[in-house]
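To keep things clear, I will list the structure first and then write my remarks on it.
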Amino acid sequence: MTECVFCKIVAGEIPSTKVYEDDHAFAFADTNPQAETHVLVVPKKHYADLPDLANDPEAAAGLLAGIRDLAQEKGLSDFRTVFNTGAGVGQTVFHVHAHVLAGRSFGWPPG
Ligand code: AMP
Ligand code: ZN
């Protein structure tokens, strides 16, 4: 049985606030939000990080389409999408996920 917390969320084995779901992607609210809107979007299949996901073009494209479609559903025209890759930049959950952030001002480059 998987020990991956995001696999368990996708499977409904631990609770989440679901925001969006399709065949490839599952999105839920981050429990430690960094913006008014802070959604995590994950592929339903387990990949540890972005380089791992990129080996499966169908899953990668499915994740991007999920981000597009949930943004459209939520009426988000401007949003920031972040993939942390590696513990050195703060990745703490090793099931690849996109942070989708909106509803506050964002500086560039990010701090
Ligand atoms: P990262 O640091 O890029 O790996 O992001 C992991 C994110 O997952 C953090 O923003 C956490 O707040 C979030 N997180 C961890 N566990 C859960 C959970 N069970 N439900 C929702 N968000 C979570
Ligand atoms: Zn997983």
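Numbering of ligands and ligand atoms starts at 1, following listing order.
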For the Zn ion (ligand 2): protein N/O/S atoms at distances below 2.8 Å: 4

Spacing of CG belonging to Asp49 relative to CD belonging to Gln91, to within rounding of 0.5 Å: 5.5 Å

Interatomic distance, Phe94 atom CZ to Asn84 atom CG [nearest 0.5 angstrom]: 9.5 Å

Side-chain donor-acceptor pair present, Asp22, Tyr20, cut-off under 3.5 Å: yes

Cluster overlap Leu64 with Val19, hydrophobic side-chain contacts below 4.5 Å: yes

Apart from Val82 itself, residues in the same hydrophobic cluster as defined by side-chain heavy atoms under 4.5 Å: Leu101, Phe106

Can you give each donor-acceptor pair under 3.5 Å made by side-chain atoms of residues 23-31, sequence neighbours left out, with the distance rounded to 0.1 Å?
unit_1	atom_1	unit_2	atom_2	d
Asp30	OD1	Asn32	N	2.7
Asp30	OD2	His38	NE2	3.3

Cys7 and Glu13, any side-chain heavy atoms less than 4.5 Å apart: no

side-chain contact (heavy atoms from CB on, under 4.5 Å) partner of Phe6, the single match among Leu40, Val96, Ile14: Leu40

Residue shell around ligand 1, heavy atom under 4.0 angstrom: Phe6, Ile9, Phe28, Ala29, Asp30, Thr31, Asn32, Leu40, Asn84, Gly90, Gln91, Thr92, Val93, His97, His99

Worked verdict on His95 versus His97 for ring pair (Phe, Tyr, Trp, His ring centres under 6.0 Å): CA-CA 6 Å; His95 179 134; His97 49 280; 8.0 Å; no

